[in-house]
Engineer: 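Below are the structure tokens for one structure; questions will follow.
Throughout, protein chains are lettered first and strands after them, A, B, ... in sequence-line order, and every chain is numbered starting at 1.
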Number of protein chains: 2
Amino acid sequence: MSLPHAVLTSLLEKSTSGYDLARRFDKSIGYFWHATHQQIYRELARMEGAGWIEGFVPPDAGKTRKKHYRVLPAGRAELVRWAAEPTPPMDLRDSFTVKLRADAILDEVDLCEELARHNALHAARLAQYRAIEARDFPATPPLTRAQAIQHMILKKGILYEEGEIAWGQEMLALLRRPAQT
Amino acid sequence: MSLPHAVLTSLLEKSTSGYDLARRFDKSIGYFWHATHQQIYRELARMEGAGWIEGFVPPDAGKTRKKHYRVLPAGRAELVRWAAEPTPPMDLRDSFTVKLRADAILDEVDLCEELARHNALHAARLAQYRAIEARDFPATPPLTRAQAIQHMILKKGILYEEGEIAWGQEMLALLRRPAQT
DNA sequence: GTGCCCATGTAAAGGGTTACATGATTAA
DNA sequence: TTAATCATGTAACCCTTTACATGGGCAC
């Protein structure tokens with residue numbers, strides 16, 4: 001369970017509203033931890049109750065209902081505590097791979113189109129990541145430690161997508177090969 | 001939701017008991033879809049109720065309580081139906097990456113040891129996968145389509161672990177670098 | 001006969017997904 | 001003024017996780 005900690009991290013990077021957090025979870029941080037707006041609102045309410053964060057009306061609020069949250073010392077301490085815990089390695093739940101196993105024994109299944117679609121999705125994401133990299137990490141050496149870490153996280157995403165694409169193309173070639181006995 | 005379909009696939013590959021399925025989910029198929037024995041027993045009961053599978057006492061049962069399950073035509077049809085559905089791409093939930101983001105802004109966090117531990121785990125898994133590959137896919141060309149697909153699935157795991165290790169080593173070097181300014 | 005593994009389950013709690021609800025601003 | 005988007009929520013359902021329970025076989 002680390003959704004609250006993902007939210008804390010995101011809020012530490014920049015205080016913001018639940019709505020904007022949800023959008024951030026659809027983009028940058030969401031590539032490593034997905035969450036819907038319902039989850040986020042629920043967690044924000046919980047964490048405010050626990051004294052980890054506090055809500056406030058931003059100075060430029062005007063007439064909107066927008067409410068911002070910022071991390072309190074207790075929240076920061078909790079994040080540090082959690083980060084020191086051992087983490088189990090990510091467990092994968094890839095339903096497409098299950099379908100491939102089904103394909104291997106079933107005949108009636110044809111995953112070519114679906115695989116091609118996935119390959120295109122991965123290519124699109126890769127392009128996004130590369131654009132972010134070009135924008136946020138232009139020169140190489142003069143980086144703070146924080147920037148260097150953030151760059152490595154982005155590179156992890158890039159490597160992952162590159163791997164998916166390379167593998168996906170080989171797999172597609174295999175699936176398209178006519179079934180010779 | 002595709003745990004039942006992962007179970008169906010596994011049962012099609014080989015009829016077996018809930019207990020052995022659970023162990024299989026701790027190994028081969030579990031690398032792409034994790035499940036505990038509680039989930040598996042529950043799914044087996046549900047699927048038997050739905051007429052997708054049937055339980056039977058294996059001929060060599062003797063005095064054990066062991067019960068085997070095999071896939072019925074309805075289950076096979078359901079698997080085909082499901083495989084034809086579009087799949088969303090896997091969404092990642094990698095708490096270690098969240099911790100890295102926390103590290104980038106927190107100072108009090110030190111992830112070196114944990115990262116080294118993860119790297120060792122990935123190396124161990126890679127070794128396992130390579131051993132399986134050497135055992136199950138020795139020669140190259142004379143493969144059936146099913147074997148070729150299964151080999152590609154294994155290769156996906158190998159590529160993934162190799163990527164994790166390469167990235168993890170670079171990341172470790174970065175984390176170990178003394179914080180200059 | 002004690003301890004360990006096999007083998008199957010139940011129960012409770014918590015997290016995630018989907019559907020629904022509401023009101024307020026902004027653009028056509 | 002109608003539709004879309006902003007912004008925040010509630011409720012129900014399902015899935016997953018964790019803890020507990022049970023009883024049989026087997027080895028020492």
Side-chain angles (χ1 to χ4, degrees), chain A residues 1-8 11 15-27 29-30 32-50 53 55-58 60-69 82 85-95 98, chain B residues 1-8 11 15-27 30 32-50 53 55-58 60-69 82 85 87-95 98:
Chain A
M1 194 267 299
S2 38
L3 173 58
H5 304 96
V7 172
L8 282 175
L11 281 179
S15 294
T16 189
S17 65
Y19 186 84
D20 289 325
L21 268 177
R23 295 209 309 180
R24 214 184 281 172
F25 268 77
D26 274 345
K27 283 188 277 185
I29 208 172
F32 301 104
W33 198 279
H34 179 259
T36 62
H37 81 271
Q38 292 88 341
Q39 286 176 274
I40 288 167
Y41 284 121
R42 197 195 323 151
E43 282 310 322
L44 287 173
R46 272 187 207 166
M47 292 197 292
E48 190 169 25
I53 59 174
F56 63 100
V57 177
D60 63 337
K63 24 201 164 168
T64 66
R65 280 201 293 162
K66 189 179 276 200
K67 196 171 31 163
H68 279 211
Y69 290 90
W82 170 78
E85 277 182 351
T87 322
M90 172 167 64
D91 56 280
L92 308 169
R93 284 208 173 157
D94 186 357
S95 51
V98 176
Chain B
M1 196 266 299
S2 37
L3 172 57
H5 303 97
V7 173
L8 281 176
L11 282 179
S15 294
T16 189
S17 65
Y19 186 84
D20 287 326
L21 268 176
R23 297 208 309 180
R24 212 184 284 173
F25 269 77
D26 274 344
K27 283 188 277 186
F32 300 105
W33 198 280
H34 179 259
T36 63
H37 80 271
Q38 292 87 342
Q39 286 176 274
I40 288 166
Y41 283 122
R42 181 170 12 105
E43 283 309 323
L44 287 173
R46 271 187 208 167
M47 292 197 292
E48 191 167 26
I53 59 175
F56 63 99
V57 178
D60 63 337
K63 21 198 168 171
T64 66
R65 279 201 294 162
K66 188 179 275 201
K67 195 172 31 162
H68 279 211
Y69 290 90
W82 170 77
E85 275 182 352
T87 321
M90 172 168 61
D91 56 278
L92 309 170
R93 287 212 170 151
D94 185 358
S95 50
V98 176

Engineer: For residues S95(B) and W82(A), report the shortest heavy-atom separation together with the two atoms involved.
Structural biologist: O-CH2, 3.8 Å
Engineer: At less than 4.0 Å, is any side-chain N or O atom of Q38(B) found next to OP1 or OP2 of dT18(D)? Yes or no.
Structural biologist: no
Engineer: Testing the basics here: between T16(A) and L11(A), what is the closest heavy-atom pair and its distance to 0.1 Å?
Structural biologist: N-CD2, 3.7 Å
Engineer: Quick one: is dC6(D) close enough that its OP1 or OP2 comes under 4.0 Å of any side-chain N or O from R23(A)?
Structural biologist: yes
Engineer: Under 4.0 Å from OP1 or OP2 of dT8(C): is there any side-chain N or O of Y41(B) that close?
Structural biologist: yes
Engineer: For the pair made of CZ in R93(A) and P in dT17(D), what is the distance, rounded to whole Å?
Structural biologist: 5 Å
Engineer: Just the rounded figure in Å: distance from P of dT16(D) to CE of M90(A).
Structural biologist: 17 Å
Engineer: Round to a whole Å and report the spacing from CZ of F25(B) to P of dC15(D).
Structural biologist: 15 Å
Engineer: Could you tell me whether the side chain of T87(B) reaches within less than 4.5 Å of the side chain of V98(A), counting heavy atoms only?
Structural biologist: no
Engineer: Aromatic rings H68(B) and F56(B): how do their planes relate, parallel, tilted or perpendicular, breaks at 30° and 60°?
Structural biologist: perpendicular
Engineer: With respect to the phosphate group of dT17(D), does any side-chain polar atom (N or O) of R42(B) fall under 4.0 Å of OP1 or OP2?
Structural biologist: no
Engineer: Measure from CD on E43(A) to P on dT10(D) and round the result to the nearest Å.
Structural biologist: 14 Å
Engineer: What is the distance from NE2 of H37(A) to C1' of dA21(C), rounded to the nearest Å?
Structural biologist: 10 Å
Engineer: Mind calculating the distance between OH (Y19(A)) and C1' (dA4(D)) to the nearest angstrom?
Structural biologist: 11 Å
Engineer: DNA chain C: D91(B) or Y69(B), which has the more 5' nearest nucleotide?
Structural biologist: Y69(B)
Engineer: dC15(D) P sits how many Å from L44(B) CG, rounded?
Structural biologist: 15 Å
Engineer: Assign each of T36(A) and D20(B) to its nearest nucleotide of DNA chain C by heavy atoms, then name whichever residue's nucleotide is nearer the 5' end.
Structural biologist: D20(B)
Engineer: Could you tell me the separation between the CD atom of Q39(A) and the P atom of dT18(C), rounded to a whole number of Å?
Structural biologist: 10 Å
Engineer: Any idea which heavy atoms bring F25(A) and H34(A) closest together, and the distance?
Structural biologist: CD2-C, 4.4 Å
Engineer: Which listed nucleotide (dT17(C), dT8(D), dG16(C)) is nearest to the side chain of H34(A)?
Structural biologist: dT17(C)
